[in-house]
Number of protein chains: 2
Amino acid sequence: MTLSDVAREAGVSLATASRAINGSANRTVRADLRDRVLAAAAQLRYTPDANAQAMARGRTTSLGLVVHDIADPYFSSIAAGVARAADRAGLQVTLASTQHDPSRESGLVDLLKRQRARAIVIAGGRLDDEATNDELRAALADYRSVGGSVALIGQPILGVDSIVVDNAQGAGDLAKALHGRGYRRFAILAGPADHLTACERRDAFRGALAELGSPVPDDAVITSTFTHEGGEDAMRALLRRGELPELVFAVNDVMALGALAAGREAGIRVPQDVALAGFDDISTLRDVVPALTTVRIPLVDVGIAATELALADASDEPRLTHVPTQVVLRDSTPGL
Amino acid sequence: MTLSDVAREAGVSLATASRAINGSANRTVRADLRDRVLAAAAQLRYTPDANAQAMARGRTTSLGLVVHDIADPYFSSIAAGVARAADRAGLQVTLASTQHDPSRESGLVDLLKRQRARAIVIAGGRLDDEATNDELRAALADYRSVGGSVALIGQPILGVDSIVVDNAQGAGDLAKALHGRGYRRFAILAGPADHLTACERRDAFRGALAELGSPVPDDAVITSTFTHEGGEDAMRALLRRGELPELVFAVNDVMALGALAAGREAGIRVPQDVALAGFDDISTLRDVVPALTTVRIPLVDVGIAATELALADASDEPRLTHVPTQVVLRDSTPGL
DNA sequence: TTGTATGCGTTATCAC
DNA sequence: GTGATAACGCATACAA
């Protein structure tokens, strides 16, 4: 079932068979020969070997996607966008998951480099950890030095093309909107102290409230992991403090979910006992009761944009694409 | 940055460099030579070319995963399991998405065959559509004839190793449990008439209720797509019928979500006005209020099991692994 | 337009 | 234990 078999069966040379099947740039094949080749290929159930093609052509048809956890709706929505855009571009998606360990990203980039993936989209959030970032930066430089192109989703600190979500604007807008609904006493489930996205959201939220005259006290800002479990832990810590705020802001929806679980466990109802807001607008949550107030990020579009950015012609300096966010007020923050 | 460069730099032959870096079965390399090679490789930032290795070795290190939509929590949870198991086995995951078009599955299998993926996991649900199934069967036979192995998640109708979720048992158990909570008048948002999983769940649920003396009338069984939108449409159709049942069973959680949306739109509260149950136990929904009664499928484990099944030594006849389900009663069905 | 020959980067089979 | 060298399957520069 190799191309040679097809050529022999069709009574033509290997070159002609190749040109007939995969079409050549300027060479063209006589119709009758082409038909014979195609017929032979069909009869022998021939399938080109993508690895051999990759070798001969010097480029592959695969695109790498690096995420922390594909089960997280944030990443799976982005992945859906990447899958769609890659499909349109005729590329296969290779999924690389760190399983929640940011330090694995650079290793995954190396892996994708071995595969000679044509482009890489990195969806995981950046940490304020120079060692890890340097490692990743090095791996990316390495990958790009052999012709690969990269797009990053998140903070543009790696010197590569990036899709930048406007977290600060969104969190600020959210704070104002909630203040407008009468809330004055807030707590923040803030995520990890070194997680840049988490920090952006926290700081902008806090900053906007301070400007509005409702500053969030330090002890109402609780760090945790960026996960469901982190939301649970942080909410429990908050509850242990005694006095409940009027509104709890979790820096992402999955954490808000964790907070909901911890709250329910303690008999706290949302929004009757405390209001709750998140960030991301995970689609699975759009219909639950009470509907969660959040800041929408068009995640599927972000995935598409990142893929297109990675596939665009290389430019000498990093391009940044800003993605606007949008506050979505729902029942979890009915107002006071 | 090819192996030849490394060999030259280290002053050894290509063969020795290869053996030093990627190890050989029985051949072993003298320590000092090996160190020289490794040093040269590090200095030149050499990375093996996976495509060339694949050609030379005759096998790749990639595993294909076919889904309908990676943004759907059902598939993304399975994907997380597949990713984890593949990682443990040292394999890369190639994600192939039909974008909701079952007839594309066979084409994706062809694509994965071209890539010479070592194994394929097919996660999409089967339809009662012989044309499509035959096509997929043919593509799989083709793929297996060149040494590929396959595992299917769902109905074992394709003659390949399969992970079989016990939908009937789960749906039957659910019906009994709900009947036990006092419900007598049911409606079913049944999904597509030709979707085997949907049918299994619908029929088992209905059958169990009939046995219990609370049969579900035909006009209370509403077909739709297997999606969120399908749940919405079906719920709207149900509401148009006028009289509300005591409990609505959506054949999957995502559809239940759609039903919730349609219900809210019409001012129907769950569970006060109508109780609601789903199927799958999507993890994102475990904490929402009201918590959704459902049937748990250990989706991540299913993904792991499917991967391991696909990677196991080939057997002459299809192996079936049955996965138990578990009814989870929550607040959306408090009982009458 | 078609065919021949070479190379892509590795592994594996031989001799040494 | 090491080193030439022939595959692997295909694309393409070059010759016809």
Side-chain angles (χ1 to χ4, degrees), chain A residues 1-38 40-41 44-62 110-111 113-118 146-148, chain B residues 1-38 40-41 44-62 110-111 113-118 146-148:
Chain A
M1 328 95 190
T2 79
L3 191 52
S4 302
D5 299 329
V6 176
R8 188 176 332 111
E9 178 76 15
V12 300
S13 76
L14 182 59
T16 299
S18 172
R19 295 193 268 251
I21 289 187
N22 292 307
S24 180
N26 32 18
R27 285 340 201 196
T28 160
V29 177
R30 219 174 52 207
D32 60 324
L33 282 190
R34 184 163 39 75
D35 292 347
R36 278 212 328 253
V37 172
L38 263 32
L44 295 177
R45 319 205 103 261
Y46 165 75
T47 316
D49 183 321
N51 291 113
Q53 291 184 316
M55 276 212 61
R57 293 194 233 217
R59 63 198 154 78
T60 66
T61 163
S62 79
D110 290 341
L111 221 49
K113 178 191 170 204
R114 291 164 76 118
Q115 271 194 202
R116 303 299 186 257
R118 193 184 293 186
V146 296
Chain B
M1 326 90 190
T2 78
L3 191 52
S4 302
D5 298 328
V6 175
R8 187 174 334 108
E9 178 76 15
V12 301
S13 76
L14 182 59
T16 299
S18 173
R19 294 192 272 251
I21 290 187
N22 294 306
S24 178
N26 30 19
R27 289 331 203 201
T28 161
V29 177
R30 219 174 51 207
D32 59 324
L33 282 190
R34 184 162 42 73
D35 292 346
R36 272 198 350 238
V37 171
L38 262 33
L44 296 177
R45 319 204 101 263
Y46 165 75
T47 317
D49 183 322
N51 292 296
Q53 291 183 317
M55 275 209 60
R57 298 204 246 241
R59 64 201 154 77
T60 66
T61 162
S62 79
D110 289 341
L111 219 50
K113 178 192 170 204
R114 291 164 77 118
Q115 276 196 197
R116 305 298 188 255
R118 194 184 293 185
V146 296

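Just so it is clear, the structure is predicted and the values come from calculations on it, not from any experiment. To find a chain, count down the sequence lines: A is the first, B the second, and so on, and within it residues start at 1.
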Rounded distance (Å) that lies between atom [atom2] of [N] and atom [atom1] of [X]:
{"X": "Met1(A)", "N": "dC10(D)", "atom1": "CE", "atom2": "C1'", "result": "17 Å"}
{"X": "Asn22(A)", "N": "dG9(D)", "atom1": "CG", "atom2": "P", "result": "16 Å"}
{"X": "Leu14(B)", "N": "dC14(C)", "atom1": "CG", "atom2": "P", "result": "18 Å"}
{"X": "Arg36(A)", "N": "dT1(C)", "atom1": "CZ", "atom2": "P", "result": "16 Å"}
{"X": "Arg116(A)", "N": "dG9(C)", "atom1": "CZ", "atom2": "P", "result": "8 Å"}
{"X": "Leu3(B)", "N": "dA4(D)", "atom1": "CG", "atom2": "P", "result": "14 Å"}
{"X": "Gln115(B)", "N": "dC8(D)", "atom1": "CD", "atom2": "C1'", "result": "18 Å"}
{"X": "Arg8(A)", "N": "dT2(C)", "atom1": "CZ", "atom2": "P", "result": "20 Å"}

Practice item. Give me the one residue out of Val6(B), Val29(B), Leu3(B) that meets side chain to side chain contact (heavy atoms under 4.5 Å, CB included) with Val37(B). Key: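 Exactly one pass, corresponding to Val6(B).
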Where is the tightest heavy-atom contact between [X] and [Y], given as atom of each residue plus distance?
{"X": "Arg45(A)", "Y": "Lys113(B)", "result": "O-NZ, 3.6 Å"}
{"X": "Thr2(A)", "Y": "Tyr46(A)", "result": "C-CE1, 3.5 Å"}
{"X": "Thr60(A)", "Y": "Ala117(A)", "result": "OG1-CA, 3.7 Å"}
{"X": "Val12(B)", "Y": "Leu33(B)", "result": "CG1-CD2, 3.8 Å"}
{"X": "Ala20(B)", "Y": "Leu38(B)", "result": "O-CD1, 3.9 Å"}

Point to revise | Of Thr2(A) and Val12(B), the one whose closest DNA chain D nucleotide lies more 5' | key: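 Its nearest nucleotide lies further toward 5', so the answer is Val12(B).
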Check your understanding: 5'-most contact on DNA chain D: Ala15(A) or Thr16(B), nearest heavy atom basis?
Key ->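 It is Thr16(B), whose closest nucleotide lies nearer the 5' terminus.
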**Study point:** Check: Gln115(A) main-chain N/O paired with Asn51(B) side-chain donor or acceptor under 3.5 Å
**Key:**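 A pair under 3.5 Å: yes.
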Exercise for review: Could you tell me whether the side chain of Arg114(A) and the main chain of Pro48(B) form a donor-acceptor pair under 3.5 Å?
Suggested key: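 No.
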Is the phosphate of [N], meaning OP1 or OP2, less than 4.0 Å from a side-chain N or O of [X]?
{"X": "Ser18(B)", "N": "dT10(C)", "result": "no"}
{"X": "Arg57(B)", "N": "dT10(C)", "result": "no"}
{"X": "Ser13(B)", "N": "dG3(D)", "result": "yes"}

Exercise for review: Please list residues of residues 44-55 of chain A whose heavy atoms come under 4.0 Å from any atom in DNA chain C, ordered by number; otherwise none.
Suggested key: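 Of all residues in residues 44-55 of chain A, the ones placing a heavy atom under 4.0 Å from DNA chain C are Met55(A).
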Review point. Do Arg19(B) and dG3(D) have a side chain to base donor-acceptor pair shorter than 3.5 Å?
Key: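 Flag set: donor-acceptor pair detected.
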Exercise for review: Take the C1' atoms of the five end pairs on each side of the helix from dT1(C)-dA16(D) to dC16(C)-dG1(D), get both axes, and report the angle to 10 degrees.
Suggested key: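 Comparing the axis at each end, I get an angle of 40°.
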Check your understanding: Salt bridge check: are Arg8(A) and Asp5(A) linked by an N-O gap of less than 4.0 Å?
Key ->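 Salt bridge present between Arg8(A) and Asp5(A).
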